[in-house]
Amino acid sequence: MDYPESYELIFQAGGAEDDVVVVHLTARSGAGGYPVYADETGIVRAEISRRGEVRMQASGGHQVLGAPLLARPLSPHGTHGTHGTHDHG
């Protein structure tokens, strides 16, 4: 099954703008059987289903995981895909 190469994970921040983290497809699968995506540092990791459901994964001890407001697939050129946005519930 084909999955998007990248997603934007959008987290609610305390300031005027939300925090956006771009994650990329890895070779790993999560507990739900869906692919795991990670940011460039490997610190932010998330299992993302085809429906855009996100399960954050700890990458180290004592990490407090916040749930993103949504996961938005990106096209291969780094722009928003045509899939729309998906709410995390």
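- For Glu47 (side chain) and Tyr34 (main-chain N/O), a donor-acceptor pair under 3.5 Å exists by modelled atom type.
- A donor-acceptor pair is defined here as one N or O able to donate and one able to accept, closer than 3.5 Å; such a pair exists between the side chain of Thr26 and the backbone of Val36.
- The closest side-chain heavy-atom distance from Pro4 to Arg50 is below 4.5 Å.
- Residue His24 comes nearest to Ser6 through the heavy atom pair ND1-OG, 2.8 Å, listed as atom of the first residue, atom of the second, then distance.
- Within the 4.5 Å cutoff, side-chain heavy atoms of Ile43 are placed close to those of Ser59.
- Atom CG of Leu69 and atom CD1 of Ile10 lie 7.5 Å apart (nearest 0.5 Å).
- Of the possible polar contacts, none joining the Arg45 side chain to the Tyr37 backbone as a donor-acceptor pair under 3.5 Å is found.
- Seen from the ring of Tyr7, Arg72 does not count as a face-on cation partner, given the 6.0 Å and 45° thresholds.
- Scanning all heavy atoms of the two residues, the minimum distance from Ala71 to Pro73 falls at O-CD, 3.8 Å.
- Across all non-hydrogen atoms, the minimal contact from Phe11 to Asp18 is O-CB, 3.2 Å.
- Residues Gly32 and Arg55 come closest through the heavy atom pair N-NH1, 3.3 Å.
- In this structure, the side chains of Met56 and Pro68 come closer than 4.5 Å at one or more pairs of heavy atoms.
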Next on the checklist: Could you walk me through whether Glu8 and Leu74 satisfy the side-chain contact (heavy atoms from CB on, under 4.5 Å) test, starting with their C-alpha distance in whole Å, then the side-chain angles of each, then the deciding distance to 0.1 Å, before giving a yes or no?
Outcome noted: CA-CA 7 Å; Glu8 283 183 332; Leu74 297 175; 3.7 Å; yes
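- Crowding of Gln63 atom CD: a count of heavy atoms from other residues, nucleotides or ligands under 6.0 Å exceeding 12.
- Two residues are said to be in side-chain contact when any heavy atoms from C-beta on lie closer than 4.5 Å; Val44 and Leu9 meet this criterion.
- With contacts defined as side-chain heavy-atom distances shorter than 4.5 Å, the pair Val22/Asp39 does not qualify.
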